[in-house]
Amino acid sequence: MTNGQQDNEKKQEQIRVDHVVKEITRKINYLSENVKDLKESVIDIRREFWEDVTVNLEELDDFYETEASIKQQAEFLSERERSHGQFSERIDTLKRLKDSPYFGRIDFKEDDEKEEMPIYIGLASVMDENDEEFLVYDWRAPISSMYYDFPPGPANYDTMEGNISGEILLKRQYMIRNGELKGMFDTGLTIGDSLLQAVLGNQASTKMKSIVATIQREQNQIIRNEKSKLLVVQGVAGSGKTSAALQRVAYLLYRYRETLTSEQIVLFSPNPLFNSYVATVLPELGEDNMQQMTFYQYLNRQLPKSIALESPFEQMEYYLNGEGENFKTRKEAMHIKASLAFKAFIDDYLDQLGEAGIIFRNVTFRGKAIVKKEDIAKYFYSLDDHISLSDRVEETMEWITKEVRSFEKKEVGADWLRDEIELLDKEDFLDVHQRLEDRQPFEEDSFNDYTKEEELLRKKVLTRKLRPLKTKIKRKAFVDRLKTYRQLFEQTAYQRKTEGLGNAWEAISDLTAQSLKDKQLTWEDATAYVYFEKELIGFNDVRTIKHVFIDEAQDYSPFQFAFIKKLFPVSRMTLLGDINQAIYAHALHEESLLSEKLEEKHERVELTRSYRSTEPIVSFTKSFMPNGHLIEPFERDGSLPVVMEVENLKMVEEKTLDFIEMYQEAGHQTIAVIAKTLAESKELYELLKDRVDAELMTQETQNFGKGVAIIPAYLAKGIEFDAVIIPNASNENYQNALERNLFYTACTRAQHELVLLSIGEPSAFIQDVPTKHYKHYKVHAIFKNSR
């Protein structure tokens, strides 16, 4: 094609863009008028709601007529409010489309048809003025799948009526900004090397962006997978696995919009910061966000406030610092308690508790045991032992409730209630008096009135005083779950089957028992304890959730995954992660959920191409990973990573400041100083905070903005930065296999620039990298009194 032809074609494409933008503008204006009218209508309906309803409760027919009128008005108001919300959402979507109405096009000639049909693809559908023809197809529409799955040539797509086949004659990508065509590229199978180069070359954002314009074929397999009960995605750092997962949520909400809502989807994310980072993706695609939480947040909500739960990050700090007299014992416990062998151990204990051993509490009121724990145990173990533990606890609760009712009837005459009546508010007396009036409006026996009034007042006081106790009974607090669980680790406990739990089990038991006695729950015990408690008093599984997504799945133990499966028994699951970024202690021993050896029947997708970082950064990071040869860098040029040996911490401080200044002058807006631990991060923050505007990020951090962030590596998962500085990449700091994964995680956060400072000899992992993949410098101290 000649330059003249190209210019002419681009001119024709711009004319079409202008036409579509004009139609979008017309629709926005039309809908805006409708929204305005609907808003006024809603306000009027609310104002006139009761004015239009004549309430007549004297006659039964009138009462039913009034009820029907109220219901009719309420339904009308609800329908108007719903329409207002839908119109407003559509306007927001159209406003986003006005800037860039579409990003792709295929010309498709269906078999047996004479002419091809141009199909333009964007974030959402746009119809023509008469609502007859598609000007733009939603990227999630079945026909749009061909754009992601096929190069020019034979192609097909599935519809409700069957498979449609034909030929793609043209495949084109567009860069449209503010309604102006900035560029267009005819392409083959891979979506957008040119477009990707432009997108990935931009500065990193503090919010994850939608990737619909650059979805690759393998990512599309994840997004449009509808059949798998369990979908496992093993994706290398920067491969877009999390982005694909979020587009998958948007696709599912579009595909099953009649039967699926965002409230029926749950995402378990690695930390609160990540929740904020991905929060805008679905709204940009016109969908509501699904439920998001960390696994720690879920478990913590299941526990009483009296139990202090260690977070996974606190466990990580403990492990990485490797200090304390009990370190070896706890390290072994982290491995054992992550296993299915430990789950089987607990299941065996639960079986034995069916015969004896549950510790009950007295049900007390005003310091007196009204149902003794011995009687509760006697009743519980009198029930048929074929009934499950939780069902027997339920029956025992009903029995205790009856016992409390019997006590209540007797206690209503107690002397202490007379004193309590005197403390009642005036409103309580008026309420009781009115109730008596309603019952016997024409009786004149004042003495009888006084007796009945006192009786009602006594009942009111007693009911109020017993309410907290009844709530505790409903919550089954008469079962001492913590003591019963602790019993599992005490030497006097039942005859335990400890095969497969290792030689350190006795020391682990002693340490665990003491921790539980202090009402401290370590992270390695958290899942086991909540599982035990639910099996004991009632496992209320969640059947309303249809899809569960687990991000950073490599950090979940086999026990944790078994627990989640039991919690969501009917849900389809999508596991996403990277074995190379497994950073928890149990990962050194237990098979990852992303492993090919996963026992559950599943479909597996591998993402091996890394898009986040420049080719030099990917070439560097892949070189020190055991399976790094499988990682494919995207061809985007950039600077070689810098490895700089320095002599002391003062030099780390000065060089960090130098690089921050250099990166800021280069226009980089997000710069991360990624340390190994929180302790190291805090130390650096104290050194730098008076010399540069920086933010220390901890497990409590909910959001982050542009600028300099100082953050431990394990909190940086899933996030990307323009430039990354590793402040201590020394051999002393990064040694074992888990620390290598942590080091890899830190380095792969860099999108454009990576520098590694090392106090003394660099890590052996760096020494494994061919010297052609980085620049190496040694800088000698010039500071006096250096540390």
Q. Looking only at heavy atoms, what is the nearest atom pair of L696 and T701, with distance?
A. O-OG1, 4.1 Å
(Q) Within a 6.0 Å radius of atom CG on N163, are there more than 12 heavy atoms belonging to other residues, nucleotides or ligands? (A) yes
Q | SB check E394 K476 (cutoff 4.0 Å) | A | yes
(Q) Does R248 form a side chain to side chain donor-acceptor pair (under 3.5 Å) with T574? I'd like the steps, not just the answer. (A) CA-CA 10 Å; R248 172 166 167 73; T574 303; 3.2 Å; yes
Q. Is a side-chain donor-acceptor pair under 3.5 Å present for Y251 with E226?
A. yes
Q.
Between E317 and L678 (side chain of the first, backbone of the second, donor and acceptor by atom type, cut-off under 3.5 Å), is there such a pair?
A. yes
Q. Atom OG1 in T745, atom CD1 in I719: separation rounded to 0.5 Å?
A. 12.0 Å
(Q) Would the distance check show the side chain of E535 and the main-chain N or O of F532 forming a donor-acceptor pair, the cut-off being under 3.5 Å? (A) no
Q.
Would the distance check show the side chain of N741 and the main-chain N or O of A582 forming a donor-acceptor pair, the cut-off being under 3.5 Å?
A. yes
Q) Are the side chain of Q352 and the backbone of Y349 linked by a donor-acceptor contact shorter than 3.5 Å? A) no
Q: May I have the step-by-step check of side chain to side chain donor-acceptor pair (under 3.5 Å) for E700 and T698, ending in yes or no?
A: CA-CA 5 Å; E700 281 81 35; T698 69; 3.3 Å; yes
Q: Please confirm whether Y556 and F561 have ring centers closer than 6.0 angstrom.
A: no
**Q.** Check against side-chain contact (heavy atoms from CB on, under 4.5 Å), L482 and Y529
**A.** CA-CA 8 Å; L482 191 63; Y529 177 73; 3.9 Å; yes
Q) Around atom NZ of K229, are there more than 12 heavy atoms of other residues, nucleotides or ligands at under 6.0 Å? A) yes
Q. Which of parallel (below 30°), tilted (30 to 60°) and perpendicular (above 60°) describes W505 and F345?
A. perpendicular
Q.
Taking side-chain contact (heavy atoms from CB on, under 4.5 Å) as the definition, give me every residue that meets it alongside T522, ordered by chain and number, with sequence neighbours left out.
A. E310, R330, S515, E524, D525
Q: Take the angle between the ring planes of Y584 and H586 and call it parallel below 30°, perpendicular above 60°, tilted in between.
A: parallel
Q. Donor-acceptor pair, K241 side chain versus V236 backbone, under 3.5 Å?
A. yes
**Q.** N-O pairing of K343 and D347 below 4.0 Å
**A.** yes
Q | Reported CG-to-NE2 distance for the pair L231 and H547, which is rounded to 0.5 angstrom | A | 11.0 Å
Q.
Angle between ring planes, Y531 versus F563, binned at 30° and 60°: parallel, tilted or perpendicular?
A. perpendicular
Q) What distance do I711 atom CD1 and F721 atom CZ have between them, rounded to the nearest 0.5 Å? A) 5.0 Å
Q: Give a yes or no on whether the backbone of M625 and the side-chain of R740 come within a donor-acceptor separation of less than 3.5 Å.
A: no
Q: To the nearest 0.5 angstrom, please state how far the CG atom of N627 sits from the CD atom of Q234.
A: 7.5 Å
Q. Are the side chain of K566 and the backbone N or O of F539 linked by a donor-acceptor pair below 3.5 Å?
A. no
Q. Does the ring center of W523 lie less than 6.0 Å from the ring center of Y318?
A. no
